[in-house]
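All heavy atoms count here, side chains included; hydrogens, waters and symmetry mates do not. As the structure is a prediction and not an experimental result, all values here were calculated from the model.
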Amino acid sequence: MSDSIIFISTVRDFPLYDRLVRENRHNSQAGFVYYDNRSENIGISERYNSFLDSWDFSKPAWFIFCHEDWETGEDIARRLESLPKENLYGPVGARTIISGDNIYQFGIGTCRQSDRNGERLRTEKGLLKSGRADTFDCQCLIVHSSIIEKYGLRFDTALTFDLYVEDFCINAYENFGIRSMILPLKCRHWSYGNISDRFFKMLDYVSSKYKGIYTTIAGRSIIGNSNGKNPIWFGRFFLNHPEKYLILHKFRNIL
């Protein structure tokens, strides 16, 4: 593979980061850039932008922005070598379909998830295995350096610890037509995360920035002005809103 692969993370738990990311045998062909956030808990967007501002764009590379507790379970170099470079990629995200007065939301992609101690392990499966997403979960965003260089993409530093990847995806799509595509990938996120009051404040902020209506897997939240439309979440269980099959068939051309 001619293009290098760089994992970028902010780190507070180095033993965990080393085990899951830096010493992961599936990442053996990658390089690693990490920011020590133990003493100065600087916002993740600011850390990620610091990396982008310092990169030599004459060196093509795949950037993998990921949490310290995100683990790849297969050879990442092999999965990236044939990917089109004009999209954003992530293993798990969410999508909306808007029809009439309804906003249909559903998850896309698959990821194993557990607590940091390995307990409560389960496989999180979206309604669809792959396809276009509105946004990805913040656990992982994959983007080629050529996209960053061409469009000058950066993370919004007002989003310190919430919704910074979701905002990145929406900005790339609304302003530059860049699509977010699910990359089916064996992976595990060693955290269920948490949603605080800060999240909802940032949700209002991100919603105020854009014209469209989007969704995030985090809290199954709507991003944007829904204008009184009714949000409906489509789960995988076949009795959960069985009309979803008709909706997905009707809109199959845009999935």
Side-chain angles (χ1 to χ4, degrees), residues 6-18 20-22 31-57 61-71 88-94 111 113 116 133-145 147-149 151-176 178 180 189-210 214-219 221-224:
I6 309 296
F7 281 80
I8 308 99
S9 306
T10 62
V11 181
R12 292 176 62 84
D13 185 338
F14 275 90
L16 184 74
Y17 170 73
D18 287 341
L20 301 182
V21 182
R22 190 160 51 173
F32 304 91
V33 173
Y34 58 87
Y35 296 92
D36 187 343
N37 247 17
R38 289 174 297 186
S39 58
E40 290 185 285
N41 201 26
I42 294 173
I44 294 175
S45 290
E46 185 175 346
R47 293 296 201 188
Y48 285 175
N49 284 349
S50 177
F51 167 78
L52 292 175
D53 292 340
S54 66
W55 182 257
D56 178 359
F57 285 95
W62 285 101
F63 300 149
I64 302 178
F65 296 96
C66 72
H67 288 180
E68 65 183 6
D69 55 10
W70 185 76
E71 178 185 20
L88 309 180
Y89 296 96
V92 63
C111 185
Q113 196 146 341
R116 291 204 171 195
D134 287 356
T135 65
F136 304 126
D137 187 83
C138 287
Q139 65 186 261
C140 176
L141 165 69
I142 303 171
V143 56
H144 195 267
S145 61
I147 293 290
I148 301 294
E149 182 182 26
Y151 298 104
L153 296 175
R154 291 296 187 273
F155 295 87
D156 186 338
T157 56
L159 300 166
T160 51
F161 299 104
D162 302 289
L163 296 164
Y164 48 90
V165 166
E166 288 90 338
D167 177 81
F168 191 94
C169 294
I170 298 171
N171 173 56
Y173 178 70
E174 275 209 0
N175 293 311
F176 306 105
I178 301 169
S180 295
H189 189 207
W190 291 69
S191 171
Y192 282 96
N194 60 79
I195 295 179
S196 64
D197 290 341
R198 181 188 63 204
F199 174 90
F200 292 105
K201 291 178 182 178
M202 293 299 97
L203 184 66
D204 289 340
Y205 167 69
V206 176
S207 293
S208 71
K209 295 175 62 177
Y210 300 108
Y214 306 92
T215 188
T216 170
I217 200 77
S221 301
I222 294 292
I223 298 173

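- Between Tyr48 and Phe168, the distance from one ring center to the other does not fall under 6.0 angstrom.
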Would Ile6 and Phe51 count as a side chain to side chain contact (heavy atoms under 4.5 Å, CB included) if you check the C-alpha gap in whole Å, the side-chain angles of each, and the deciding distance to 0.1 Å?
CA-CA 10 Å; Ile6 309 296; Phe51 167 78; 4.1 Å; yes
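- When ring centroids are compared, Phe155 and Phe65 come within the 6.0 Å threshold.
- Glu46 and Thr157 share no donor-acceptor pair across their side chains, judged by distance under 3.5 Å alone.
- For the atom pair Leu163 CG and Ile223 CD1, the distance stands at 5.5 Å (nearest 0.5 Å).
- The CH2 atom of Trp70 sits 3.5 Å away from atom SG of Cys140, with the distance rounded to the nearest 0.5 Å.
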Could you go through Phe136 and Cys169, starting from their C-alpha distance and side-chain angles, then the distance that decides it, and tell me whether this counts as side chain to side chain contact (heavy atoms under 4.5 Å, CB included)?
CA-CA 7 Å; Phe136 304 126; Cys169 294; 3.5 Å; yes
Residues Leu88, Ile142; criterion side chain to side chain contact (heavy atoms under 4.5 Å, CB included); working and verdict:
CA-CA 6 Å; Leu88 309 180; Ile142 303 171; over 6 Å; no
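- No donor-acceptor contact under 3.5 angstrom links the side chains of Asn49 and Asp53, judged on distance only.
- Checked against the 6.0 Å centroid threshold, Phe63 and Phe7 do not count as a close aromatic pair.
- Tested against Trp190, the residues His67, Glu68, Glu71 include a single side chain to side chain contact (heavy atoms under 4.5 Å, CB included) partner, Glu71.
- Aromatic ring centres of His144 and Trp62: separated by under 6.0 Å.
- We find the CG-OG distance between Asp162 and Ser196 to be 5.5 Å, quoted to the nearest 0.5 Å.
- For the residue pair Leu203 and Ile222, the shortest heavy atom distance occurs at CD1-O, 3.7 Å.
- Minimum heavy-atom separation, Leu159 to Tyr164: O-CB, 3.8 Å.
- Residues Val165 and Gln139 have side chains not in contact (no heavy-atom distance under 4.5 Å, counting atoms from C-beta outward).
- Here OG1 of Thr216 is found 3.5 Å from CD of Glu166. Values are rounded to the nearest 0.5 Å.
- Considering SG of Cys138 and CD1 of Ile217, their distance stands at 12.0 Å, rounded to 0.5 Å.
- Tyr17 does not carry Arg22 over the face of its six-membered ring by the limits of under 6.0 Å from the centre and within 45° of the normal.
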May I have the step-by-step check of side chain to side chain contact (heavy atoms under 4.5 Å, CB included) for Leu141 and Tyr89, ending in yes or no?
CA-CA 6 Å; Leu141 165 69; Tyr89 296 96; over 6 Å; no
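- Residue Cys111 comes nearest to His189 through the heavy atom pair SG-N, 3.7 Å, listed as atom of the first residue, atom of the second, then distance.
- Between Ser221 and Phe199, the shortest heavy-atom distance links the atoms OG-CE2, 3.6 Å.
- Side-chain contact check for Leu52 versus Trp55: every heavy-atom pair is 4.5 Å or farther apart.
- Residues Arg12 and Asn41 are in side-chain contact: their nearest non-hydrogen atoms beyond the backbone lie under 4.5 Å apart.
- Here Leu20 contributes atom CG and Ser9 contributes atom OG; the two are 10.5 Å apart, rounded to the nearest 0.5 Å.
- Although no hydrogens or angles enter the test, the distance criterion places a donor-acceptor pair under 3.5 Å between the side chain of Asn37 and the main chain of Ile42.
- With contacts defined as side-chain heavy-atom distances shorter than 4.5 Å, the pair Asn171/Leu153 qualifies.
- No side-chain donor-acceptor contact under 3.5 Å links Tyr173 and Asp134.
- Put simply, the side chain of Thr135 gets close to the backbone of Thr215: a donor and an acceptor are under 3.5 Å apart.
- The pair Asp156-Lys209 meets the salt-bridge criterion, since a charged nitrogen lies less than 4.0 angstrom from a carboxylate oxygen.
- In this structure the side chain of Thr10 never reaches within 4.5 angstrom of the side chain of Tyr34, judged on heavy atoms.
- Arg198 and Thr160 make their closest contact through CD-OG1, 4.4 Å (heavy atoms, listed as atom of the first residue, atom of the second, distance).
- Residues Asp167 and Tyr210 bring a donor and an acceptor atom of their side chains to less than 3.5 Å of each other.
- Note on Arg116 versus Asp13: salt bridge recorded, some NZ/NE/NH1/NH2 to OD/OE distance being below 4.0 Å.
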Criterion side-chain hydrogen bond (donor to acceptor under 3.5 Å, both in side chains) on Tyr214 and Glu174, from CA distance to verdict
CA-CA 11 Å; Tyr214 306 92; Glu174 275 209 0; 2.8 Å; yes
